[in-house]
**Student:** 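My questions will all concern the structure given below.
Each chain gets a letter, A, B and so on, in the order the sequences are listed, and its residues count up from 1. All heavy atoms count here, side chains included; hydrogens, waters and symmetry mates do not.
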2 protein chains.
Amino acid sequence: MPTIRDVAREAGVSISTVSLVLRQPHRVSEHTRVRVEEVIRTLNFRPNGTARDLRVRKSGTVGVFLRNLSGPYYSELIGGIEQVATSLCLTPIVCGRSVHEEQGSLRLLRERRIDGAIVLDSGITLRELAQYAGPDLPVVVLNRTLPDPLASTYMTGVKIDDDGGGYQAGKHFIDQGFLHPAVITGPVEAEASQARQRGFFRAYAEHGIASTSVLVIHGDFTEESGAKAMETILNLNLAIDAVFSANDQMALGVLQVLDKHKMRVEQIAVMGFDDISLARYVQPALTTVHQPMFEVGSTAMELLGQAMQGKERIPPRTLATSVVIRSSTPKKPSSP
Amino acid sequence: MPTIRDVAREAGVSISTVSLVLRQPHRVSEHTRVRVEEVIRTLNFRPNGTARDLRVRKSGTVGVFLRNLSGPYYSELIGGIEQVATSLCLTPIVCGRSVHEEQGSLRLLRERRIDGAIVLDSGITLRELAQYAGPDLPVVVLNRTLPDPLASTYMTGVKIDDDGGGYQAGKHFIDQGFLHPAVITGPVEAEASQARQRGFFRAYAEHGIASTSVLVIHGDFTEESGAKAMETILNLNLAIDAVFSANDQMALGVLQVLDKHKMRVEQIAVMGFDDISLARYVQPALTTVHQPMFEVGSTAMELLGQAMQGKERIPPRTLATSVVIRSSTPKKPSSP
DNA sequence: ATTCGAAATCGAAACGATTCGATTCCTCAT
DNA sequence: ATGAGGAATCGAATCGTTTCGATTTCGAAT
């Protein structure tokens with residue numbers, strides 16, 4: 001593979017001239033420029049990006065770290081990131097999380113092969129991120145609450161308003177006339193689902209219904225766990241008229257169990273959270289709380305861009321959710 | 001940000017010793033090793049990956065180039081790639097395609113910031129790829145037919161057997177008793193859908209039914225185009241009993257139109273191609289030809305790994321598909 | 001003590017670009 | 001012809017590692 005040196009020799013000019021042709025063509029005379037360009041073409045020379053990165057101390061690349069690439073709404077998120085990144089002349093690269101911590105993709109972050117990072121992976125501790133973040137490598141954390149001391153100079157966050165979303169869900173239930181809900185929440189350690197649940201209860205509290213009278217079951221965000229939770233609920237034989245699930249996948253499990261027991265959403269309504277693409281397609285279509293993932297992505301990239309320009313202590317952002325009403329929460333005939 | 005030089009000075013050893021501590025700890029005495037490690041920790045020194053890449057002439061990174069990250073089956077593909085990559089101590093990074101050709105993610109490929117590439121994007125010409133591929137940067141192309149001269153020394157491919165899949169689809173239709181099919185195919189320039197259609201017709205030809213008697217309509221792979229094609233077909237008022245769509249998304253459009261016209265798959269059966277995750281969820285669940293995307297990914301990564309070890313002229317692979325029978329192709333009551 | 005060999009450490013040369021400041025080359029006005 | 005001044009080109013330092021070969025150190029064997 002030819003180097004800039006080969007080009008220089010072949011064209012009978014110095015290395016610096018070749019570099020100038022590449023980066024600041026106006027600074028070199030027409031004559032030598034075409035000559036050098038010709039040699040570049042015949043040798044099929046392409047500058048070595050790594051060498052350039054080393055010299056100029058940046059790569060024009062930002063890393064997007066996801067827990068796994070298979071998440072249902074990542075494509076939207078990435079779309080938002082890409083749109084802004086393009087306008088900033090930055091190339092986003094997406095990394096999943098490989099098992100080996102040492103040899104994993106975090107290497108790119110640790111060894112500063114990238115100029116910035118957007119992290120959506122609850123498996124990476126904020127402490128670790130804070131260690132990697134710096135003036136030349138700011139980090140934006142997604143969907144997590146940054147404790148104030150850790151909202152460090154070079155780190156900020158974007159998240160959706162989980163509590164508000166839960167509140168909207170509760171409101172919607174109440175509007176539709178469901179006064180005896182049950183809740184399927186996520187694992188205890190998942191702060192997002194806790195917040196969703198909290199907001200949900202707040203809506204009911206405002207309506208004079210205490211959270212103590214509402215059944216809560218923990219799932220683990222999977223479809224199966226949602227189904228299992230629903231079976232449990234049905235077995236208890238309580239007089240409930242609706243189920244709020246802390247995410248859509250569990251809600252899908254709920255719908256399946258309902259179907260299996262020949263029950264309809266007119267008896268027990270179902271609502272999810274996230275608005276994954278499937279939600280629109282299942283039968284009955286799932287009412288859910290929409291997460292504006294595209295906007296999360298674009299906002300994150302905007303903040304990252306600012307940080308890369310040198311801005312420090314950027315305050316975290318919280319984005320509003322909205323309820324998407326479909327057919328799984330039909331209005332209850334008003335009681336007489 | 002401290003460099004290896006700072007560490008050396010602080011620890012009172014030479015640069016080379018620090019490097020040894022990092023890369024070949026056994027080569028340095030216990031005493032200085034702990035000393036150096038201590039300094040590394042207190043300074044929070046992390047070696048600069050870019051410098052290392054430049055020196056050792058590789059990055060331990062392979063690029064995965066996708067048309068857009070939102071494709072329905074990419075997560076499986078990437079899963080397969082990641083699994084093998086991990087076992088090879090390689091980090092896959094996923095790149096979408098940004099609009100600016102020059103400043104886009106292909107930069108990583110062109111400027112050799114990666115050690116290998118897997119490309120699934122029909123928008124990149126084979127000619128261009130062939131230009132970038134080389135002994136230090138082999139390329140595996142997905143889902144494309146490599147013309148023999150271009151199946152270059154450093155380039156190979158993995159694809160699924162589109163023709164075979166089409167044939168399986170045709171076979172299945174015939175088995176179920178559908179002797180009057182219509183076909184919705186992709187754009188003329190999409191070789192994959194052409195092959196699918198060809199295989200489909202081959203099955204019917206073997207059964208004595210000529211392709212000339214079968215209606216073919218072109219779509220553009222989108223749901224809407226599938227719906228539109230189906231409307232057209234219905235308007236023609238032909239005596240058809242099944243529709244084969246060259247991909248699942250168009251088939252979903254077909255199902256919607258069927259539903260809209262209060263028609264059932266018992267009247268006109270529907271079959272897709274790809275087995276996107278939605279296929280299982282729609283009502284009625286879509287019979288389709290399954291693409292083993294995980295296997296495509298793992299195979300691609302295996303071939304890439306071999307190429308990176310120096311193996312040349314690796315023959316392309318073709319992977320078999322299989323029919324997933326769901327409810328959109330119910331068996332026809334046998335005619336008397 | 002001396003010597004030998006292995007172990008530990010070090011110096012310096014890469015890797016392939018960019019860029020600053022210096023030098024050379026022109027052109028034109030005097 | 002000469003000098004000034006700008007344009008074009010060049011040399012050399014630098015980015016932060018790795019690694020080869022050379023040198024030093026050290027303990028054990030003589």
**Student:** Counting neighbours of CD on A:E30 that are heavy atoms of other residues, nucleotides or ligands and sit closer than 6.0 Å, is the number greater than 12?
**Tutor:**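 No, not enclosed.
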
**Student:** At the 4.0 Å heavy-atom cut-off to chain A, mark where contacts on DNA chain D begin and end, going 5' to 3'.
**Tutor:**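 Range of nucleotides within reach of chain A: D:dA8 to D:dG16.
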
**Student:** Would B:D274 and B:F221 satisfy side-chain contact (heavy atoms from CB on, under 4.5 Å), going step by step from the backbone distance to the final call?
**Tutor:** CA-CA 11 Å; B:D274 283 350; B:F221 285 143; over 6 Å; no

**Student:** Nucleotides 14-19 of chain C: which of its N/O atoms have a protein N/O under 3.5 Å away?
**Tutor:**
residue	atom	partner	partner atom	Å
C:dA14	N3	B:R55	NH1	2.9
C:dG16	OP1	B:R57	NH2	2.5
C:dG16	N2	A:A51	O	3.4
C:dA17	OP1	A:N48	N	2.7
C:dA17	OP2	A:I4	N	2.4
C:dT18	OP1	A:R23	NE	2.5
C:dT18	OP1	A:R23	NH2	3.2
C:dT18	OP1	A:R52	NE	3.2
C:dT18	OP2	A:S19	OG	2.5
C:dT18	O2	A:R55	NH1	2.3

**Student:** Just by distance, with hydrogens left out, do A:T17 and A:S14 show a side-chain donor and acceptor under 3.5 Å apart?
**Tutor:**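 Indeed, the side chains of A:T17 and A:S14 share at least one donor-acceptor pair under 3.5 Å.
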
**Student:** Under 3.5 Å, which donor-acceptor pairs do the side chains of residues 296-305 of chain A form with other protein atoms, sequence neighbours left out?
**Tutor:**
residue	atom	partner	partner atom	Å
A:S298	OG	A:F294	O	3.4
A:S298	OG	A:E295	O	3.1
A:T299	OG1	A:E295	O	2.6

**Student:** Count the heavy atoms belonging to other residues, nucleotides or ligands that lie under 6.0 Å from CZ of A:R23, then report whether that count exceeds 12.
**Tutor:**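 Check passes, neighbour count above 12.
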
**Student:** Could you go through the side-chain contact (heavy atoms from CB on, under 4.5 Å) check for B:V36 and B:V28 one step at a time?
**Tutor:** CA-CA 10 Å; B:V36 170; B:V28 24; over 6 Å; no

**Student:** For DNA chain C, find the residues of residues 27-41 of chain B with a heavy-atom distance under 4.0 Å and give them by number; none if there aren't any.
**Tutor:**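 Within residues 27-41 of chain B, the residues near DNA chain C are B:R27, B:V28, B:S29, B:T32.
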
**Student:** Any non-hydrogen side-chain atom of A:M1 less than 4.5 Å from a side-chain atom of B:R57?
**Tutor:**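 When only atoms from C-beta onward are counted, B:R57 and A:M1 do not touch, as no gap falls below 4.5 Å.
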
**Student:** Is it true that a side-chain atom of B:D115 and a backbone atom of B:V62 form a donor plus acceptor pair closer than 3.5 Å?
**Tutor:**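 Checking the backbone N and O of B:V62 against the side chain of B:D115, no donor-acceptor pair under 3.5 Å is found.
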
**Student:** Which one of B:V158, B:V140, B:L66 satisfies the side-chain contact (heavy atoms from CB on, under 4.5 Å) criterion with B:L120?
**Tutor:**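 Of B:V158, B:V140, B:L66, side-chain contact (heavy atoms from CB on, under 4.5 Å) with B:L120 is met by B:L66 alone.
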
**Student:** With each end axis built from five pairs of C1' atoms, what bend angle do you get for the helix from C:dA1-D:dT30 to C:dT30-D:dA1? Round to 10°.
**Tutor:**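 The helix from C:dA1-D:dT30 to C:dT30-D:dA1 shows an end-to-end axis angle of 60°.
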
**Student:** Count the heavy atoms belonging to other residues, nucleotides or ligands that lie under 6.0 Å from CZ of B:R317, then report whether that count exceeds 12.
**Tutor:**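 Not buried by this count: 12 neighbours or fewer within 6.0 Å.
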
**Student:** Testing the 3.5 Å rule here: is there a donor-acceptor pair between the side chains of A:S122 and A:R67?
**Tutor:**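 Judged by distance alone, the side chains do pair up.
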
**Student:** N/O contacts under 3.5 Å, protein versus nucleotides 24-28 of chain C?
**Tutor:**
none

**Student:** Under the 3.5 angstrom rule, does the side chain of B:R144 hit a backbone N or O of B:K159 as a donor-acceptor pair?
**Tutor:**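 Flag not set: sc B:R144 to bb B:K159 has no pair under 3.5 Å.
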
**Student:** Under a 3.5 Å threshold, yes or no: a donor from one side chain and an acceptor from the other, between B:T50 and A:R112?
**Tutor:**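 Per modelled atom types, B:T50 and A:R112 side chains form no pair under 3.5 Å.
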
**Student:** What's the verdict on side-chain contact (heavy atoms from CB on, under 4.5 Å) for B:F45 and B:I4, showing C-alpha distance, side-chain angles and the deciding distance?
**Tutor:** CA-CA 8 Å; B:F45 163 78; B:I4 201 175; 4.1 Å; yes

**Student:** Please confirm whether the backbone N or O of A:I160 pairs with a side-chain atom of A:Q291, one donor and one acceptor, at under 3.5 Å?
**Tutor:**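 No, because the side chain of A:Q291 does not come within donor-acceptor range (under 3.5 Å) of the backbone of A:I160.
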
